[in-house]
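Below, each value reflects all heavy atoms present in this structure, side chains not excepted, and no hydrogens, waters or symmetry copies.
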Amino acid sequence: MNDPRSALLHDMKPELLRRFKESGVLRVEYVSAFSFQDDAWVWLGTATDAERDALTGSEPRLLAEARLIAESHGFPAQNVSGVTVQSEETGARDFEGSWFYALR
């Protein structure tokens with residue numbers, strides 16, 4: 001069964017990358033616990049821990065901006081539950097280089 005959110009989230013990704021590129025974001029992933037839930041969590045990936053750390057504390061602003069982008073793509077803003085920022089450095093060091101492990 002196809003998750004109806006998939007196309008909407010896929011379409012949002014380029015705009016999220018453009019919006020946060022100057023902050024060092026080079027990757028966007030989504031996490032949702034179950035396909036029957038309507039929400040999704042946005043993960044923004046940076047190259048370095050320093051870039052990630054510079055965004056720490058900005059989560060309310062990042063969430064507000066992600067929700068605006070979601071809404072402009074037909075994904076209900078309230079269904080963007082949160083935003084997490086993680087770095088490739090941390091992924092390599094703590095999760096064997098696997099975003100699969102890092103996102104869990």
Side-chain angles (χ1 to χ4, degrees):
M1 182 166 115
N2 288 335
D3 185 340
R5 295 169 299 179
S6 295
L8 297 174
L9 294 170
H10 180 270
D11 291 346
M12 288 167 40
K13 200 173 273 197
E15 190 170 346
L16 288 165
L17 285 167
R18 274 192 302 276
R19 173 61 194 93
F20 300 118
K21 182 180 180 179
E22 289 184 19
S23 298
V25 172
L26 49 82
R27 179 185 195 113
V28 174
E29 301 292 341
Y30 304 105
V31 173
S32 183
F34 303 102
S35 61
F36 59 82
Q37 292 179 315
D38 293 331
D39 67 325
W41 199 279
V42 177
W43 280 61
L44 303 174
T46 63
T48 68
D49 290 349
E51 290 167 331
R52 179 208 54 213
D53 294 348
L55 290 170
T56 300
S58 300
E59 290 84 2
R61 176 185 61 82
L62 299 174
L63 177 59
E65 292 181 40
R67 284 180 168 168
L68 286 173
I69 291 168
E71 197 165 57
S72 75
H73 286 273
F75 191 85
Q78 72 273 12
N79 289 357
V80 177
S81 300
V83 174
T84 297
V85 183
Q86 189 56 274
S87 73
E88 296 278 351
E89 282 183 349
T90 294
R93 182 182 60 243
D94 298 347
F95 299 100
E96 300 175 8
S98 171
W99 278 92
F100 177 84
Y101 294 134
L103 293 170
R104 268 126 194 95

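- With rounding to the nearest 0.5 angstrom, the CD atom of Gln78 is 10.5 Å from the CG atom of Asp39.
- Between Asp11 atom CG and Ser6 atom OG the span is 10.5 Å, to the nearest 0.5 Å.
- Taking both residues in full, the closest heavy atoms of Phe20 and Leu62 are given as CE2-CD2, 3.4 Å, listed atom of the first, atom of the second, then distance.
- Nearest heavy-atom pair across Thr56 and Glu59 is CA-OE2, 3.8 Å.
- Listed here is the closest heavy atom pair of Val80 and Ala66: CG1-CB, 4.4 Å.
- Evaluation of the side chain to side chain donor-acceptor pair (under 3.5 Å) test over residues 63-77, restricted to residues two or more places apart or in two chains, returns Glu15-His73, Arg19-Glu65, Arg61-Glu65.
- The nearest pair of heavy atoms linking Leu16 to Tyr30 is CD1-OH, 3.4 Å.
- Atom CD of Glu51 sits about 8.5 Å away from atom CG of Leu55, to the nearest 0.5 Å.
- Under the 3.5 Å distance criterion, the side-chain polar atoms of Glu89 are matched with a main-chain donor or acceptor of Asp49.
- Looking at Arg18, Met12, His10 one by one, the single match for side chain to side chain contact (heavy atoms under 4.5 Å, CB included) with Pro14 turns out to be Arg18.
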*Quick one: do Val31 and Thr84 satisfy side chain to side chain contact (heavy atoms under 4.5 Å, CB included)? Show the steps, please.*
CA-CA 10 Å; Val31 173; Thr84 297; over 6 Å; no
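- Considering only heavy atoms from C-beta on, Thr46 stays 4.5 Å or farther from Leu26 through its side chain.
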